[in-house]
Peer 1: 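I'd like to ask you about the structure that follows.
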Amino acid sequence: MAKIQVAIVGAGPAGLLLSQLLHRAGIECLLLERHTRDYVERRIRAGLLEWTSVELLRDAGVGERMMREGLVHHGVVLAFDGRVHRIDLAGLAGRHMLVYGQTEIQRDLDEAAAGRTVWEAEDVKIHEFETAHPQVTYTRDGVSHTVECDFIAGCDGYHGVCRASVPSGRIREFERIYPFGWLGILADVPPVHDELIYVNHSRGFALCSMRSRTRSRYYVQCPLQDRVEDWPDERVWGELKARLPEQVGARLDTGPSIEKSIAPLRSFVAEPMRFGRLFLAGDAAHIVPPTGAKGLNLAASDVRLLSDALIEYYRDGRETPLEEYSQRALARVWMAARFSWWFTTLMHKFSDDPFAHKLQLAEFEYLTESEAAAKAVAENYTGLPFSQAHPHHP
Ligand code: APR
Ligand code: PHB
């Protein structure tokens, strides 16, 4: 039977980054992915990195193209019914961010991990993870494989097999579904503004983002039941323009879409994130709504804690960081879950309830007038720092 130190399920950003960090520390890992490399690289996701995520990617040795092509952002703009307010992220939080598409990160990581990823691994199953001898089985080209390992990392996303393999009595799930979706469009037109603009409008939320100086990424809030076919390009551009402040909409460049998709919004957290020798990381353990783009950053935060803990275990034989992984990761997860929920609640149209809208307006007013309020947003949006303190033991 083959033997490996760490078996990783899922080659999204969480699994790939973990495999890369462990590989550089001399730890042998096996990375199993159910889809093809091409399929995984085609998925379009968010593109906004906290600086701690940027640093982790650099530590993993995959930061070269990112630093060359990524766009540094020092601020972000909020618009409410035509009124505009800029939050000075650098001035208020002392941190900036990097705009660099997750698709590009996936490519950079795939390249670094070439030869170490098993693509099209079918029927992946995890076994005996609550014992000292976990195993992973899978099929590739019709041949069954069994691999013995010290640890399993479940980086297989929300629909993966790892969380689903935990007996239901051992896991607690927290969830909130939002009553709308985001329609996203990617187009090779220059971004309407050099910073991101989040818009609260009576027609619904909109977001102006970008991938580069020549490629824009825009979103509009849409009903959950809508299909992409309901949204021909002209309708998307028209709706976006209607929701933007007039002076911004007037300079919007439009063009044919190169990608268009609808995503539902969900908050989800599973606790704990460790079951014996199985560790969950990234979307396998939690989902946040995209408002604020915390998904990838949270995956990076989990991976940082997990890779540090595994490296310490193999180097010094210390198990404490592995034992503390779940608590430490969840403390950060809930902070990001809170912020993503709050930002979603502030910016979207939930119903025609005038009371709810008045509260949103009051909150916007407060952000424009109070430096303390704006600073709280800036701190959370740019990513809370890692605390060095050990978690509290009840
Ligand atoms: N066997 C093997 N691989 C699997 C299985 C399985 N049974 N189930 C899922 N996978 C793979 C998926 O095909 C996918 O490539 O696991 C990977 C999980 O990747 P992501 O869904 O991207 O999750 P994660 O790596 O945690 O990414 C976190 O990136 O994609 C965004 O929204 C996500 O922003 C979040 C961040
Ligand atoms: C994106 O660029 O896709 C993006 C940016 C910021 C968000 C969400 C998505 O809050």
Side-chain angles (χ1 to χ4, degrees), residues 7-19 30-37 39-50 53 71 73 76 78 97-106 109-110 117-126 136-140 152-165 182 184-186 191 195-199 205-212 215-219 259 261 263 265-266 268 280-303 306 336 339-340 343-344 347 381:
I8 304 172
V9 185
L16 278 166
L17 183 56
L18 180 64
S19 130
L30 175 72
L31 182 51
L32 299 171
E33 166 60 49
R34 104 175 359 148
H35 289 294
T36 63
R37 175 170 171 175
Y39 175 92
V40 173
E41 284 189 5
R42 261 182 228 277
R43 296 186 294 211
I44 307 282
R45 261 83 178 262
L48 183 64
L49 295 174
E50 296 174 2
S53 305
L71 305 172
H73 280 211
V76 60
L78 304 185
M97 311 196 71
L98 195 72
V99 168
Y100 186 65
Q102 187 172 317
T103 312
E104 308 308 321
I105 296 174
Q106 180 81 34
L109 283 164
D110 278 342
T117 313
V118 178
W119 302 101
E120 297 178 85
E122 291 164 49
D123 201 23
V124 173
K125 290 202 177 80
I126 61 172
V136 176
T137 54
Y138 66 99
T139 304
R140 174 80 224 256
I152 300 170
C155 301
D156 47 350
Y158 182 69
H159 299 287
V161 67
C162 291
R163 193 183 72 252
S165 304
W182 275 21
I185 186 171
L186 191 67
E195 294 183 334
L196 270 58
I197 309 177
Y198 291 82
V199 184
F205 169 81
L207 167 60
C208 305
S209 184
M210 66 194 73
R211 291 292 173 270
S212 70
R215 181 169 286 187
S216 299
R217 178 71 168 163
Y218 295 115
Y219 298 94
E259 195 265 355
S261 52
L265 274 70
R266 175 198 303 273
F268 170 85
L280 301 180
D283 279 16
H286 41 74
I287 299 284
V288 287
T291 332
K294 291 294 171 215
L296 175 64
N297 293 294
L298 264 192
S301 150
D302 292 349
V303 165
L306 183 54
F339 178 69
S340 306
F343 200 22
T344 301
M347 298 308 299
Y381 189 79

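Both ligands and their constituent atoms are indexed starting at 1 by order of listing.
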Peer 1: Tell me whether the centres of the aromatic rings in Trp119 and Tyr39 are closer together than 6.0 Å.
Peer 2: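 Distance test on ring centres: not under 6.0 Å, no.
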
Peer 1: How long is the span from the CD atom in Glu195 to the NE2 atom in His73, to the nearest 0.5 Å?
Peer 2: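 The CD atom of Glu195 sits 7.0 Å away from the NE2 atom of His73.
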
Peer 1: Which residue is it: Arg45, Arg37, Glu41, Arg42? I am looking for the one with a side chain to side chain contact (heavy atoms under 4.5 Å, CB included) to Gln106.
Peer 2: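 Only one of Arg45, Arg37, Glu41, Arg42 forms a side chain to side chain contact (heavy atoms under 4.5 Å, CB included) with Gln106, namely Glu41.
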
Peer 1: Quick one: does NZ or CZ of Arg34 land under 6.0 Å from the six-membered ring centre of Tyr138, within 45 degrees of the ring axis?
Peer 2: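 No, Arg34 does not lie over the aromatic ring of Tyr138.
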
Peer 1: Taking atom types as modelled, is there a side-chain donor on Asp123 or Thr139 under 3.5 Å from an acceptor on the other?
Peer 2: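 Side-chain D/A pair, Asp123 to Thr139: absent.
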
Peer 1: Atom OH in Tyr100, atom CG in Leu48: separation rounded to 0.5 Å?
Peer 2: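 With rounding to 0.5 Å, OH (Tyr100) is 14.5 Å from CG (Leu48).
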
Peer 1: Atom CD1 in Ile8, atom SG in Cys155: separation rounded to 0.5 Å?
Peer 2: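 Answer for the CD1-SG pair, Ile8 versus Cys155, is 6.0 Å.
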
Peer 1: Which class fits the ring pair Tyr158 and Phe268: parallel under 30°, tilted 30 to 60°, perpendicular over 60°?
Peer 2: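 Judged by the thresholds at 30° and 60°, the geometry between Tyr158 and Phe268 is perpendicular.
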
Peer 1: Check ligand 2 for N or O atoms under 3.5 Å from a protein N or O and list each pair with its distance.
Peer 2:
residue	atom	partner	partner atom	Å
ligand 2	2 (O)	Ser209	OG	2.5
ligand 2	2 (O)	Arg211	NH1	2.8
ligand 2	3 (O)	Arg211	NH2	2.8
ligand 2	3 (O)	Tyr219	OH	2.6
ligand 2	10 (O)	Tyr198	OH	2.6
ligand 2	10 (O)	Pro290	O	3.1
ligand 2	10 (O)	Gly292	N	2.9
ligand 2	10 (O)	Ala293	N	3.2

Peer 1: Could you state the interatomic distance from CZ (Phe343) to CG (Leu78), rounded to the nearest 0.5 Å?
Peer 2: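 If I round to the nearest 0.5 Å, the distance is 5.0 Å.
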
Peer 1: When you check ligand 1 against the protein, what N or O pairs turn up below 3.5 Å? List the atom names and distances, or just say none.
Peer 2:
residue	atom	partner	partner atom	Å
ligand 1	3 (N)	Arg34	N	3.2
ligand 1	13 (O)	Glu33	OE2	2.6
ligand 1	15 (O)	Glu33	OE1	2.6
ligand 1	15 (O)	Glu33	OE2	3.3
ligand 1	15 (O)	Arg43	NH1	3.3
ligand 1	15 (O)	Arg43	NH2	2.9
ligand 1	22 (O)	Arg45	NH1	3.0
ligand 1	25 (O)	Pro13	N	3.3
ligand 1	25 (O)	Ala14	N	2.9
ligand 1	26 (O)	Asp283	N	2.8
ligand 1	29 (O)	Gln102	NE2	2.7
ligand 1	30 (O)	Arg45	NH1	2.2
ligand 1	30 (O)	Arg45	NH2	3.4
ligand 1	30 (O)	Gln102	NE2	2.9
ligand 1	32 (O)	Asp283	OD2	2.9
ligand 1	34 (O)	Leu296	N	3.0

